[in-house]
Amino acid sequence: MQDLLLKISYLIGSISFIVGLKMLSHPDTARKGNLYAAVGMTVAIFATIFLYTNSEGQPLGNLIWIFLGLIIGTVVGTMAAKKVQMTAMPQMVSLFNGMGGACAGIISIVEFKHLMHAGTIEGEELKALTILLGLVIGTVSFFGSMIAFGKLNGNINDRTLPGQQIVNVGLMLIVVVLLVMILMGGIADPYVLFYALLAVSALYGILFVMPIGGADMPVVISLLNSFTGVAAACGGFLYDNPVMLTGGILVGSAGTILTILMCNAMNRSLVNVIVGAFGGNKAGGAAMEAGGAYKEISLSDSAVLMAYSKRVVIVPGYGLAVAQAQHICHELEKVLEEKDVDVKYAIHPVAGRMPGHMNVLLAEADVPYEKLLEMEEINPEFANTDVVIILGANDVVNPAAKNDPASPIYGMPILEVENATHVIVNKRSMKPGYAGIENALFFQPKTSMLFGDAKKVLQDLVSELKNM
Amino acid sequence: MDSFIEFFTTNYNMITIVILSIFLGIEVISRVPSVLHTPLMSGANAIHGVVIIGAIIVMGEAEPDNYLALILGFLAVILGTLNVVGGFVVTDRMLEMFKKKKK
């Protein structure tokens, strides 16, 4: 009876994950979908605590500790998730992802010790393989996510070691060799090999993410997300647990597809992202000497230009996110609308640090959904747009992606802002964007630079416009 | 060959689940508008927190004198909970904003 209840609870969990993910894919049902998945998760967790029995029919012990862990995790997790700024969302997702990876890794450590109680893994190779895969994937995911977190948070810079790719491939080979050695048994002390595997996986996780930067960061987070899914699925195999298996594999496959979708948005292959990291490819920018004179525009001139336009398109980027300028941006849009200017937003799929980052941010500021146009929709409209104002976006409007085959971002679809009559670029300085390359757009005659922090500039623009 | 057949028959159900789940995952996600990519990634992130169940089992089966297993298990439960709770709460916060503009 107890077992039946547990099975039913797990079934509820699995179904809720599937339905939840499905509902998450539609704006109207997304929030409910998230809630369903959370309820299913809760059912599965409590069913495990109270109904799970091991092969000898023993229920779980140490309940006090389990509950204490759950309570600590819930309190800290809720506080962290509630307090985080909307702009720091990508880091937060990366951080939580790392927690899951670490959890999978720890499970593998304990289970390996259990397995080794018998002294040898002979006859249990499959179980051992599952444990080891969980360890490797979980560890890579944890260390990779921590590096991704540090990078997005600005604590860690992009760094490429000499011969990085060879080192990475070498590490991967060592992982495989160690796996085989442990499974064969009798070659060396399995514990030594096991901890060596742990260390190499950790190093791989770090070095794998270290050189990747720029627009590729969301791709990496999404990839690590699917890694953790696979690590969770390994646990599902290990415990013969269907809900862990479905949950893990669902996320693993969905995460992989999401990763590929993101790569497609940048017109690059996954291999290209992982191997040919943006930062390590600067030699390709030889034709990028577009430098030269750029012109600045004053605040009041910008305000006048926009106020007497018919159509203005706002291109938000990461600069808007760091400056927390989403609310004042909405303000600008409203002021302009009052002056009968048609205002729209052009959203590049990889603007910001994650796909949809800009949508989330602007939705927070109550910008109406219909005003946010995706790249394909807005691109034909630039030709009859009077003013494009770019707020802290760079690589996604770089014409080099279209006309410079030597550029590292060549082939990435961009917002064709240069078709508009005027382009105003708000940036903090002339420093290149996250991809580390110059942008010829800034030196075009129709482009004017408006330097300053996005929030400050927008506030001043709004007050200029209000006084007009 | 024999070991493969044995593996296949004993794990038949699991293999079926894995394959169907792979297709389900692909199917579910390919229809997502890019607007929802971030919340979706975050939601999926919370779902793989299901690994917490493994942590609970580890913790619950640890013998009272096996301190290493107890400590590691306890840590795993906390980390897993962080993943689950943090993931769902962050996703909800993102989606809350999408809802507001629908009024």
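Residue numbers begin at 1 in each chain, while the letters A, B, ... track the order of the sequences. Note: hydrogens, waters and symmetry copies are ignored here, and every other heavy atom, side chains too, is used. Quick caveat, the model's predicted, so the values are computed rather than measured.
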Would you compute the distance between atom [atom1] of [X] and atom [atom2] of [Y] and round it to the nearest 0.5 angstrom?
X	Y	atom1	atom2	result
B:Glu61	A:Tyr239	CD	OH	7.5 Å
A:Asn225	B:Ser42	CG	OG	8.5 Å
B:Leu79	A:Met99	CG	CE	5.5 Å
A:Leu21	B:Ile47	CG	CD1	4.0 Å
A:Leu361	B:Thr38	CG	OG1	10.0 Å
B:Met41	A:Ser94	CE	OG	9.5 Å

Side chain / backbone / both / neither for [X] at chain A, heavy atoms under 4.5 Å:
X	value
B:Leu20	neither
B:Val84	side chain
B:Ala55	both

**Prompt:** Is the number of heavy atoms from other residues, nucleotides or ligands within 6.0 Å of NZ (A:Lys22) greater than 12?
**Reply:** yes
Of the listed residues ([options]), which shares the most heavy-atom pairs with chain A below a 4.5 Å separation?
options	result
B:Val90, B:Leu70, B:Leu75	B:Val90
B:Leu40, B:Ile53, B:Ile22	B:Ile53
B:Asn66, B:Asp92, B:Leu24	B:Asp92
B:Ala44, B:Gly43, B:Gly49	B:Ala44
B:Ile56, B:Ile52, B:Val77	B:Ile56

State, to 0.1 Å, how close [X] and [Y] come at their nearest heavy-atom pair, and which atoms those are.
X	Y	result
B:Ala76	A:Cys103	O-SG, 3.3 Å
A:Gly247	B:Val50	CA-CG1, 4.3 Å
B:Ser21	A:Thr246	OG-CG2, 3.5 Å

**Request:** Tell me, please, which residues at least two apart from A:Ser16 pass side chain to side chain donor-acceptor pair (under 3.5 Å).
**Result:**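 Once residues adjacent in sequence are excluded, A:Ser16 has no partner under the side chain to side chain donor-acceptor pair (under 3.5 Å) criterion.
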Checking [X] side chain against [Y] main chain: does a donor-acceptor pair fall under 3.5 Å?
X	Y	result
B:Arg93	A:Val84	yes
B:Thr81	A:Gly73	no
A:Asn34	B:Phe88	yes
A:Asn241	B:Gly54	no

**Prompt:** Top residue by heavy-atom pair count (under 4.5 Å) with chain B, among A:Thr78, A:Ile45, A:Leu70?
**Reply:**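 Winner by heavy-atom pair count: A:Leu70.
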**Prompt:** Pick from A:Gly235, A:Gly255, A:Ser222: which one has the most heavy-atom pairs with chain B under 4.5 Å?
**Reply:** A:Ser222
Heavy-atom check, side chain of [X] versus side chain of [Y], under 4.5 Å:
X	Y	value
B:Val51	A:Thr228	no
A:Leu24	B:Leu95	yes
B:His48	A:Asn97	yes

With a 4.5 angstrom heavy-atom cut-off, which part of [X] approaches chain B: side chain, backbone, both or neither?
X	result
A:Tyr52	side chain
A:Phe142	neither
A:Met92	side chain
A:Glu111	side chain
A:Lys32	neither
A:Ala37	both

**Request:** Among A:Ile72, A:Val76, A:Thr74, find the one that has a side chain to side chain contact (heavy atoms under 4.5 Å, CB included) with B:Ile78.
**Result:**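 One option only clears the test, and that one is A:Ile72.
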**Asked** By number, which residues in residues 61-69 of chain A have some heavy atom less than 4.5 Å away from chain B?
**Response**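 At a heavy-atom separation under 4.5 Å, chain B is reached by A:Gly61, A:Asn62, A:Trp65, A:Ile66, A:Leu68, A:Gly69.
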**Request:** List for me each residue that meets salt bridge (Lys or Arg N to Asp or Glu O under 4.0 Å) alongside A:Glu125, sequence neighbours excluded, and say none if there are none.
**Result:**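 If we apply the salt bridge (Lys or Arg N to Asp or Glu O under 4.0 Å) test to A:Glu125, skipping adjacent residues, there are no hits.
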**Prompt:** Of all the residues in residues 8-16 of chain B, which have a heavy atom that comes within less than 4.5 Å of a heavy atom in chain A?
**Reply:** B:Asn11, B:Met14
